[in-house]
Amino acid sequence: MSDFAGVTVSRADIARFAGVKRPAVTNWERRHADFPRPVEKPDGGPADVEVFSAAEVLAWLERRVIPANARRPGEPEGATYGDRFRASLGGAPAGALLKVVDRLGGPGAERLRGDLSQADHIALLLTLVYARGCLPDEWEGIVAEARRLPRPASAESLSVKLARAVRSGLGDEHERHLLALSRNLAEPCLADTIRLLEDTGPVDRSEHARAFERLMARYGDLIGKRAGDFFTPRAAADLIAKLVVDPGTEARSLHDPFVRAGELLAAAWETMTETQDRPIVVSGAGVGEHPLALAGMNLALHGASADLWAGNATPSAGHDRLPRGVDRILTNPPFNGKLGEVVDRAHWRYGAPPPHSANFDWLQYVVARLRPGGRAAVLMPDIAAHSANPSEGRIRAAMVEDGAVEALVALPPQLFTTTGIRVTIWLLRHPTGSCDEILFVDAGGLGSLVSRNQRELAPDETRRILEEYRSWTAARTGDGTFTGTGGLSRAVPIEKVREKGYTLSPAFYVPSGASADARSAEPADLAALAARLADLHTRARDADTEVEAMLGRYGL
């Protein structure tokens, strides 16, 4: 961006360089409060034309991915309007690393992965992208070694050099993991891969981060059901981050108690650093050294220095390093996991969860770790919002009455590659002691299929959801009124929630235009259906566990 210091552009220039119609720029400026502001006109410029800093516009456009139906021939998936803008101004071309990563993660993999499985090959590529983006000195030595092959190399092999380079940032376990992978990968194949990545030329860190995310999505596709241990879809991560990060309020700490591969923390970090200059303490806990290493790489490529540690599958299992008093918590914990051995009950402010499900162990833990004024977003299966289990019903009611539940947003099915069940975002806050209303957003009808079993939210759909929430919060502070949007949102008084037996599924409150009886079932009928659904979830989970065990016995 320093290449464009002092360069100014008009709105017409922005449209031309970004490859959009002139009204699109006006629309960006009107809809987005963070769009760059006009700057002082240079001497000799037209008096009636406002101009903007090209560097500021580039930084803003680099965060806007070009939709698939608007990409030009040759533009890779994930290309941004900033890529076009930079190239139009004569800056260094962007996207070269993305193209190479796409090739290495797809058709180009067969020649270079040796005896590695496809998933292990992607795991290796993730590490190489991290080393290239975050360890410039070590990467220079790795590239030099790769360019010496096939001539006799130094006493230290190329794979050992790579493993030792990442040990300081990712730990001994990841070093051992890389060394284990290298047994099935010939040095010339690794050297060729490194040279291909290096030959893309100068690449900024943001493109490294996008390349890493692209590989993560491919990794999730390859490991299938096990991806549930790692990944939150990008669309969901972006929405959660924007819902929980208030542009008008600074936060000092950010935490994810089930960090997976760092997707939520990375999205929240990007959102927070766009709106505040104060340093942010980032932390997370995860299960397994491999996902923790992925999270560390992901966050480092986004520029976040994070304190990550090994956690547990449930908060009540104990060994929690996180002190009370976090400003923002975002998490996507395991859905409907069993409670297991209980060591720590201190966060069970609203009651003991049932042994068969840890959903309300997680929800209560998050509330307990928020400081006054703190806010959180937790992804939960929809069953948590309307389960007929008596223990869960009592906890849900107590959380509502204590003012811990702010809003619920139902997401479309099939956002997650590993499950088609409906998922709901719980927006929580430090308890206020009372509740007058709850916002419900039913986005279940949004999104479009991008494959046979994968659905995505478009940027404008994410913006619609976000605008509903922000309009509601603005109305609560006296800035305007909130009437809700038919088929999408509704603010429901606490009296109505009580009448519904503290059922919190947005579908029960937001009119959808369907027949009246679709939303007016008797509470007893709803309870019976919820109990049946919970039983089916339990059976499905047990079946998945048995299948995983059987596959494990065959080394799969």
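We're numbering straight along the sequence, starting at 1.
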Discussion item. Once side chain to side chain donor-acceptor pair (under 3.5 Å) is applied, do any residues pair with Gln118, and if so which ones, sequence neighbours excluded?
Written reply: none
Item to complete: Supply the atom-to-atom distance Thr26 OG1 to Arg31 CZ, rounded to the nearest 0.5 angstrom.
Response: 12.5 Å
Discussion item. Checking Phe440 now: which residues fulfil ring pair (Phe, Tyr, Trp, His ring centres under 6.0 Å) with it, not counting sequence neighbours?
Written reply: Tyr509
Practice prompt. Not counting sequence neighbours, which residues clear ring pair (Phe, Tyr, Trp, His ring centres under 6.0 Å) with Trp269? List them please.
Written response: none
Discussion item. Counting neighbours of CZ on Arg64 that are heavy atoms of other residues, nucleotides or ligands and sit closer than 6.0 Å, is the number greater than 12?
Written reply: yes
Fill in: Pair Tyr81 and Trp28, ring centroids less than 6.0 Å apart
yes
Worksheet entry | Closest heavy-atom pair and its distance - Met216, Ala261 | CE-CB, 2.9 Å
Worksheet entry | Glu207 CD to Thr80 OG1 distance, which is reported to the nearest 0.5 Å | 9.0 Å
Worksheet entry | Salt-bridge contact Asp238-Arg234 (side-chain N to carboxylate O under 4.0 Å) | yes
Worksheet item: Ion pair present between Arg476 and Asp436, side-chain N to carboxylate O less than 4.0 angstrom?
Response: yes
Practice prompt. Test side-chain contact (heavy atoms from CB on, under 4.5 Å) on Leu254 and Ser283 and set out the steps.
Written response: CA-CA 6 Å; Leu254 175 65; Ser283 60; over 6 Å; no
Worksheet item: Side chains of Thr200 and Leu197: closer than 4.5 Å at any heavy-atom pair?
Response: no
Response to the item:
d(Asp120 CG, Leu125 CG) to nearest 0.5 Å is 11.0 Å
Discussion item. What I'd like to find out is whether the side chain of Arg369 reaches to under 4.5 Å of the side chain of Pro257, using heavy atoms alone.
Written reply: no
Worksheet item: OG1/Thr462 to CD/Glu467 distance, rounded to the nearest 0.5 angstrom?
Response: 11.0 Å
Discussion item. Among residues at least two apart in sequence or on other chains, which ones pass side chain to side chain donor-acceptor pair (under 3.5 Å) with Glu468?
Written reply: Thr485, Ser489
Discussion item. For Ile240, run the side chain to side chain contact (heavy atoms under 4.5 Å, CB included) check against Thr271, Leu264, Asn332 and tell me which one passes.
Written reply: Leu264
Discussion item. Tell me every residue that passes side-chain contact (heavy atoms from CB on, under 4.5 Å) with Asn69, counting only those two or more places apart in sequence or in another chain.
Written reply: Pro67
Worksheet entry | Counterpart residues, side chain to side chain donor-acceptor pair (under 3.5 Å), relative to Arg429 (two or more places apart) | none
Practice prompt. Before giving the answer on side-chain contact (heavy atoms from CB on, under 4.5 Å), spell out for Ile438 and Leu408 the whole-Å C-alpha distance, their side-chain angles and the decisive distance to 0.1 Å.
Written response: CA-CA 8 Å; Ile438 296 175; Leu408 285 95; 4.2 Å; yes
Worksheet item: With a 4.5 Å heavy-atom cut-off, do Leu439 and Val492 have their side chains touching?
Response: no
Practice prompt. Not counting sequence neighbours, which residues clear side-chain contact (heavy atoms from CB on, under 4.5 Å) with Pro23? List them please.
Written response: Lys21
Worksheet entry | Criterion side chain to side chain contact (heavy atoms under 4.5 Å, CB included) against Ile465, the qualifying member of Val441, Ile425, Asp442 | Val441
Discussion item. Under 3.5 Å, is there a donor on one side chain and an acceptor on the other for Arg375 and Thr249?
Written reply: no
Discussion item. Once side-chain contact (heavy atoms from CB on, under 4.5 Å) is applied, do any residues pair with Ala384, and if so which ones, sequence neighbours excluded?
Written reply: Asn359, Phe360, Met380, Trp426
Worksheet item: How many angstroms lie between CG in Leu449 and CD in Glu456, if you round to the nearest 0.5 Å?
Response: 10.0 Å
Worksheet item: Can Glu213 and His302 be said to form a side-chain hydrogen bond (donor to acceptor under 3.5 Å, both in side chains), step by step?
Response: CA-CA 11 Å; Glu213 290 177 358; His302 283 83; 3.2 Å; yes
Worksheet item: For the residue pair Trp362 and Tyr365, does the interplanar ring angle fall in the parallel (under 30°), tilted (30 to 60°) or perpendicular (over 60°) class?
Response: perpendicular
Item to complete: Would you mind reporting whether Tyr130 and Asn298 have side-chain heavy atoms less than 4.5 Å apart?
Response: no
Item to complete: Could you tell me whether the side chain of Phe482 reaches within less than 4.5 Å of the side chain of Arg490, counting heavy atoms only?
Response: no
Worksheet item: Taking it one step at a time, do Arg463 and Lys242 satisfy side-chain contact (heavy atoms from CB on, under 4.5 Å)?
Response: CA-CA 9 Å; Arg463 185 169 57 250; Lys242 288 180 171 61; over 6 Å; no
Worksheet entry | Pairs involving residues 235-256, ordered by first then second residue, that meet ring pair (Phe, Tyr, Trp, His ring centres under 6.0 Å) (sequence neighbours left out) | His255-Trp309
Worksheet item: Going from CG on Leu128 to CG on Leu104, what distance comes out if it is rounded to the nearest 0.5 angstrom?
Response: 9.0 Å
Discussion item. Are the side chains of Arg422 and Leu411 in contact, using a 4.5 Å heavy-atom criterion?
Written reply: no
Discussion item. Salt bridge check, Lys496 against Glu437: does any charged N sit closer than 4.0 Å to a carboxylate O?
Written reply: no
Fill in: Side-chain ion pair, Asp13 and Arg16, N-O less than 4.0 Å
yes
Fill in: Arg371/Val326 under side-chain contact (heavy atoms from CB on, under 4.5 Å): CA gap, chis, key distance, verdict
CA-CA 5 Å; Arg371 71 171 49 172; Val326 181; over 6 Å; no
Discussion item. Going by the rule side chain to side chain donor-acceptor pair (under 3.5 Å), which residues pair with Ser505 if we only count those two or more places apart in sequence or in a different chain?
Written reply: Asp382
Worksheet item: So which pairs with a foot in residues 248-258 pass salt bridge (Lys or Arg N to Asp or Glu O under 4.0 Å), sequence neighbours left out?
Response: Glu250-Arg278
Worksheet item: Is there a donor in the side chain of Glu392 and an acceptor in the side chain of His386, or the other way round, less than 3.5 Å apart?
Response: no
Practice prompt. Sequence neighbours left out, what passes side-chain contact (heavy atoms from CB on, under 4.5 Å) with Ala397? Give chain and number order.
Written response: Tyr502
Worksheet item: Does the side chain of Thr331 reach to within under 4.5 Å of the side chain of Leu379, using non-hydrogen atoms?
Response: no
Discussion item. I want to check something: taking the side chain as every heavy atom from C-beta on, are Phe212 and Met297 in contact at a cut-off of under 4.5 Å?
Written reply: yes
Worksheet entry | Presence of salt bridge, Glu56 and Arg37, under 4.0 angstrom | no
Worksheet item: Quick one: do the Ser206 and Arg210 side chains pair a donor with an acceptor below 3.5 Å?
Response: no
